Amino acid sequence: MEKSGKNILIACTGSVATIKLPLLVQKLQEKSSDIEIKVICTDKAKHFMETVPDLPSNVQILSDADEWSAWNKRGDPVVHIDLGKWADLMVIAPLDANSLAKIASGICDNLLLCTVRAWDFAKPLLFCPAMNTRMWDHPLTRQHIDILKSWGFVEVPCVAKTLMCGDTGNGAMAEVETIVTEVMKFVEK
């Protein structure tokens, strides 16, 4: 196991694929004991966290409440800026259609989106789309993904399968092993 000494920021949005977060964390930690992970969950992502096992105690989970409770006056921490400075790499897994559209449009109305808006483009940012096939097939989705890629963000493409709603087609988040493989390409540099 190679020591990497990397700080990885995982962000989850309001997709049922958030239930794969514990497995993603576990697999990344298995790759290197020298990876530190922090997680940002949007309020919608927290809905899906209620049904998943707890993350390891050494993984900090942050949300909008942490952003606003940390700052009261000049000189106090600005969480979205501090996270961007701390992280060597960010992976948004899953990235739902709503957050994808907001990022592509420059909207930053929660901790995750503010962190992306203040992201240092010299650092890798990977994103893993996850949405219903009908949303995936909408023409805006491709436009939004192309915008993110034009900024240098790296897409980990979705896959086709039967989704939680019962529909079958493209839109499912990439498999955890695929995401881990892509993340490790940047960790091991």
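It should be emphasised that the depicted structure is a prediction, and the values quoted were computed from it without experimental measurement.
- For the pair Q29/N58, a side-chain contact is recorded, criterion being any heavy-atom separation below 4.5 Å from C-beta on.
- Ring pair F121/F153 is parallel by interplanar angle, where below 30° counts as parallel and above 60° as perpendicular.
- When atom types are taken as modelled, the side chain of S105 and the backbone of A101 share a donor-acceptor pair closer than 3.5 angstrom.
- Between S99 and L113, the shortest heavy-atom distance links the atoms O-CD2, 4.0 Å.
- Checking each of T13, T141, I92 against L100 for a side chain to side chain contact (heavy atoms under 4.5 Å, CB included) leaves exactly one that passes, namely T141.
- In this view, N98 satisfies the side-chain hydrogen bond (donor to acceptor under 3.5 Å, both in side chains) rule with no residue, not counting sequence neighbours.
- For the pair P94 and S15, the tightest heavy-atom approach, listed with the atom from each and the gap, is CG-CB, 3.6 Å.
- Rounding to the nearest 0.5 Å places CG of L28 at 5.5 Å from CD1 of I35.
- Here the shortest heavy-atom pairing between C12 and A45 reads O-CB, 3.3 Å.
- Both M90 and I147 sit in one connected hydrophobic cluster of ILVMFWY residues. Membership requires side-chain heavy atoms under 4.5 Å apart, directly or through other members.
- Scanning all heavy atoms of the two residues, the minimum distance from L111 to S63 falls at CD2-O, 3.4 Å.
- Contact annotation: the side chain of T181 never approaches that of M184 to less than 4.5 Å [non-hydrogen atoms, C-beta and beyond].
- Hydrophobic clustering (side-chain heavy atoms under 4.5 Å, transitive across Ile, Leu, Val, Met, Phe, Trp, Tyr) keeps V156 apart from I103.
- One hydrophobic cluster holds both V116 and L83 under the rule that ILVMFWY side chains link at heavy-atom gaps under 4.5 Å.
- Not one N or O on the side chain of N7 forms a donor-acceptor pair closer than 3.5 Å with the backbone of A87.
- No donor-acceptor pair under 3.5 Å is formed between the side chain of E155 and the backbone N or O of K149.
- D96 places a side-chain N or O within donor-acceptor distance of the main-chain N or O of G14, the cut-off being under 3.5 Å.
- Side-chain contact between V25 and P56 is present, with heavy atoms from C-beta onward closer than 4.5 Å.
- With values rounded to the nearest 0.5 angstrom, L21 atom CG is found 5.0 Å from L55 atom CG.
- Taking the side chain as every heavy atom from C-beta outward, V59 and I10 never approach each other to under 4.5 Å.
- Distance check: E67 CD to N110 CG gives 9.5 Å after rounding to the nearest 0.5 Å.
- In this structure, the side chains of K27 and K20 stay at 4.5 Å or more apart for every pair of heavy atoms.
- No continuous path of ILVMFWY side-chain contacts below 4.5 Å connects I107 to W119, so the two sit in separate hydrophobic clusters.
- If you take CG on L9 and CD on Q60, they are separated by 10.0 Å, rounding to the nearest 0.5 Å.
- Checked by atom type and distance alone, the side chain of K123 pairs as donor or acceptor with a backbone atom of G84 at under 3.5 Å.
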Step by step, would you call M49 with I61 a side chain to side chain contact (heavy atoms under 4.5 Å, CB included)? CA-CA 11 Å; M49 296 283 294; I61 301 173; 4.1 Å; yes
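- Here the NZ-NZ distance, from K6 to K189, works out to 9.5 Å after rounding to the nearest 0.5 Å.
- Residues forming a side-chain hydrogen bond (donor to acceptor under 3.5 Å, both in side chains) with R117 (at least two apart in sequence, or on another chain): none.
- With a 6.0 Å radius and a threshold of 12 heavy atoms from other residues, nucleotides or ligands, W68 has its CH2 atom at or below the threshold.
- Heavy atoms of other residues, nucleotides or ligands lying less than 6.0 angstrom from NZ of K38 number more than 12.
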Anything under 3.5 Å between a donor and an acceptor, one on a side chain of residues 125-138, the other on a protein residue two or more places apart or in another chain? List them.
from	atom 1	to	atom 2	distance (Å)
N132	OD1	R134	N	2.7
N132	ND2	D167	OD2	3.1
T133	OG1	N170	O	2.7
H138	ND1	L140	N	3.0

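- The OG1 atom of T18 sits 7.5 Å away from atom CE of M173, with the distance rounded to the nearest 0.5 Å.
- The hydrophobic clustering, which links ILVMFWY residues whose side-chain heavy atoms are closer than 4.5 Å, places V176 and F186 together.
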